[in-house]
Each structure stands twice: as C-alpha cells, then as structure tokens.
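Counting begins at 1 with the first residue of the sequence. All ligand and atom numbering here is 1-based and tracks the order in the structure. If you're wondering where the values come from, they're calculated on a predicted model, not measured in any experiment.
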Amino acid sequence: MRPSIGTDPLLSIGEMVISHEAGDPFELVLLDAHMPGLSGFDVARQIRENTATQGVPLLMLSSVDLTAQTRFEAESTVDLYLVKPVARAELQGAILKVMGQPDAAAPVAIPAMPIPVIAPASTAGDPTRALRVLLAEDNKVNQRLAIRLLEKRGHHVTVADDGKAALAAYASQPFDIILMDVQMPEIDGLEATRTLRPREAPTGKHMPIIALTAHAMSGDRERCIAAGMDDYVTKPIQRAELYQKIDALLKPSVMA
Ligand code: MN
C-alpha cells in the first residue's frame with residue numbers, strides 16, 4: 001500500500017479525482033470524523049457524490065462515542081466506523097474487512113470485537129426482484145462501486161476478478177445476468193463472452209450480458225455486440241444507467 005496523507009479535505013478529494021482519472025485510483029480512505037472546517041461526514045458525503053470517488057471503501061475514526069445521529073450518518077456514508085484509540089490489530093482487521101474479499105462488501109454482522117463497528121446500512125431499499133449477478137471486473141474500486149449499486153437494489157453479487165474466473169463461475173452456479181468488464185487480465189470480456197455463448201446454446205437459454213467499458217469510443221458498442229454482449233455501460237458506472245439497462249434486459253417479456 002502507498003499511503004498519502006491529506007490535511008485539507010477538499011484538496012484530498014481533488015487528489016482522489018486526479019488519481020482516478022490517471023487510472024490509479026485510491027483503494028481506501030481513512031477519515032477522521034472531527035476535522036477543522038469540513039467534518040468527516042461532509043467529506044464522506046462529497047466522496048460518495050463524486051462519480052470518480054464514490055466506490056472507494058471509507059473507514060472513519062472518531063475520538064468520541066456514537067450518538068444516535070452520528071450512528072445514522074455513519075451507516076449511510078462510510079463502510080466502517082471505529083472509536084479511537086484504535087489498536088494496530090483492530091485497524092488491520094477493519095482495513096481487511098472493507099478492502100479484502102469480495103464478500104467483505106456484503107453487509108456484515110457486527111463482529112465480536114471489543115470496539116464499536118457499524119455494518120453498512122441495510123441494502124433492502126428497492127422492491128425490484130433480487131437477481132443473481134455475476135460481476136466480472138478486475139479493478140477493485142470499480143468492483144466496490146458496482147457491488148454497492150447492485151446490493152442497494154437487493155441483488156446478490158458474485159465477483160470474478162478476470163474472464164477466466166468469470167467462465168468458471170458461470171459453469172458452476174446459476175446467474176440471472178452478467179456484468180462483464182471488457183479489459184481484464186487472463187481472458188478479456190469480449191473473449192469470455194465469445195466463449196460463453198456456444199456453451200449456453202444447447203440449453204436454449206440466453207444469458208443477458210452487459211459490458212462494462214472504460215471508454216465510450218465509437219465502435220466499442222459494435223465490438224461488444226459482435227462478441228455476443230447485449231448492451232454496455234461506460235465507466236465510471238452511473239447508477240441510473242446501470243439500473244435502467246438491467247431492467248431493460250430482464251423485463252419479463254424478454255425473459256420468456
Ligand atoms: Mn478492467
């Protein structure tokens with residue numbers, strides 16, 4: 001890990017945006033809840049509202065215990081909240097929890113640790129049908145953002161870090177839809193899709209596949225469709241566009 005220390009919240013957010021645009025996004029933010037000027041919550045909200053930074057795991061440290069109000073704010077904006085002083089092992093555990101396994105992004109029960117830890121807010125928001133989503137994406141920050149948006153709608157997300165892992169997951173368990181990054185190591189999204197289509201042919205079913213593509217260059221859509229994908233979303237993922245494209249592909253008439 002390469003840490004970077006920021007004393008000015010707005011400059012730090014600016015630095016995050018620049019790093020994101022340079023293709024080297026920050027993978028974790030530690031925030032003090034009580035800073036002069038903007039509070040940690042204000043900073044967290046700004047990070048969540050900026051499409052370049054909204055997917056990053058946020059870990060907040062506070063020197064005071066939680067009131068009902070701060071607890072509510074913490075649940076809605078940051079991934080974990082620790083009360084200082086925080087021992088080294090506690091901080092390490094918290095960092096692993098918010099960054100580690102793909103499963104760590106799922107709501108977690110409050111663990112039996114001697115410190116107050118708040119699990120992410122309930123993901124039960126929208127009454128839409130819960131889907132089994134295979135997310136094939138190699139970038140951790142993009143994974144986080146996609147998982148956050150999908151779980152907000154109550155979907156169950158399985159993450160594959162590359163095209164090879166995506167094909168293995170597809171072969172081993174049922175999914176309703178696949179979100180497939182185009183640029184991945186091992187097997188890229190286009191090749192994974194071209195491999196998958198003939199495999200499903202005998203079943204007579206059609207797996208909806210939405211490409212996640214980094215650039216909205218003309219010709220990208222054609223390349224995705226030619227590879228057998230159904231639609232595509234450009235990154236950074238926009239919430240409304242993602243929901244709308246999933247809904248369009250999974251309308252009951254389409255699934256019949
Ligand atoms: Mn990628």
Side-chain angles (χ1 to χ4, degrees), residues 1-2 15-29 47-48 50-57 79 98-106 131-152 155-172 175-197 207-243 245-246 249:
M1 253 188 236
R2 289 169 295 139
E15 198 187 336
M16 289 176 69
V17 173
I18 290 166
S19 301
H20 173 88
E21 284 166 358
D24 183 25
F26 281 83
E27 293 191 283
L28 174 70
V29 174
I47 289 172
R48 288 290 183 243
N50 191 315
T51 54
T53 57
Q54 65 188 174
V56 73
D79 294 286
V98 298
M99 293 189 69
Q101 302 308 311
D103 279 357
L131 302 172
R132 293 160 301 180
V133 183
L134 174 56
L135 172 66
E137 165 67 66
D138 60 309
N139 179 284
K140 295 287 178 204
V141 173
N142 290 328
Q143 280 181 8
R144 292 279 313 177
L145 173 56
I147 290 168
R148 182 183 304 280
L149 295 178
L150 292 164
E151 291 190 340
K152 268 216 173 89
H155 301 324
H156 304 289
V157 186
T158 299
V159 178
D161 287 317
D162 57 52
K164 203 171 165 182
L167 287 172
Y170 168 78
S172 67
F175 292 101
D176 299 304
I177 188 166
I178 299 177
L179 301 188
M180 185 87 83
D181 182 24
V182 171
Q183 292 176 306
M184 289 186 289
E186 299 286 339
I187 297 177
D188 72 27
L190 300 174
E191 192 186 336
T193 303
R194 282 193 290 261
T195 306
L196 186 154
R197 287 302 182 211
M207 173 66 68
I209 300 179
I210 296 179
L212 305 177
T213 172
H215 20 250
M217 284 161 56
S218 66
D220 247 26
R221 183 185 165 80
E222 288 68 24
R223 287 200 305 139
C224 293
I225 302 300
M229 290 160 154
D230 299 290
D231 205 342
Y232 81 108
V233 166
T234 50
K235 294 188 281 189
I237 300 168
Q238 305 293 317
R239 175 191 310 249
E241 185 188 16
L242 178 68
Y243 291 168
K245 294 203 163 169
I246 289 174
L249 280 176

> When you check the gap from the basic side-chain N to the acidic O, do Arg197 and Asp230 get nearer than 4.0 Å?
Replying inline: yes
> Which atoms of the protein, restricted to N, O or S, are nearer than 2.8 Å to the Mn ion (ligand 1)?
Replying inline: Asp138 OD1, Asp181 OD2, Gln183 O
> Quick one: does Arg221's side chain have a donor or acceptor within less than 3.5 Å of a partner on Asp231's backbone?
Replying inline: no
> Does any N or O in the side chain of Gln238 come within less than 3.5 Å of the main-chain N or O of Pro236, such that one atom is a donor and the other an acceptor?
Replying inline: yes
> Is there a side-chain contact (heavy atoms from CB on, under 4.5 Å) between Thr53 and Val29 once you walk through the steps?
Replying inline: CA-CA 10 Å; Thr53 57; Val29 174; over 6 Å; no
>> Pair Asp220, Thr234 - check side-chain contact (heavy atoms from CB on, under 4.5 Å), show working.
In response: CA-CA 10 Å; Asp220 247 26; Thr234 50; over 6 Å; no
>> Would you compute the distance between atom CE of Met207 and atom CE of Met229 and round it to the nearest 0.5 angstrom?
In response: 13.0 Å
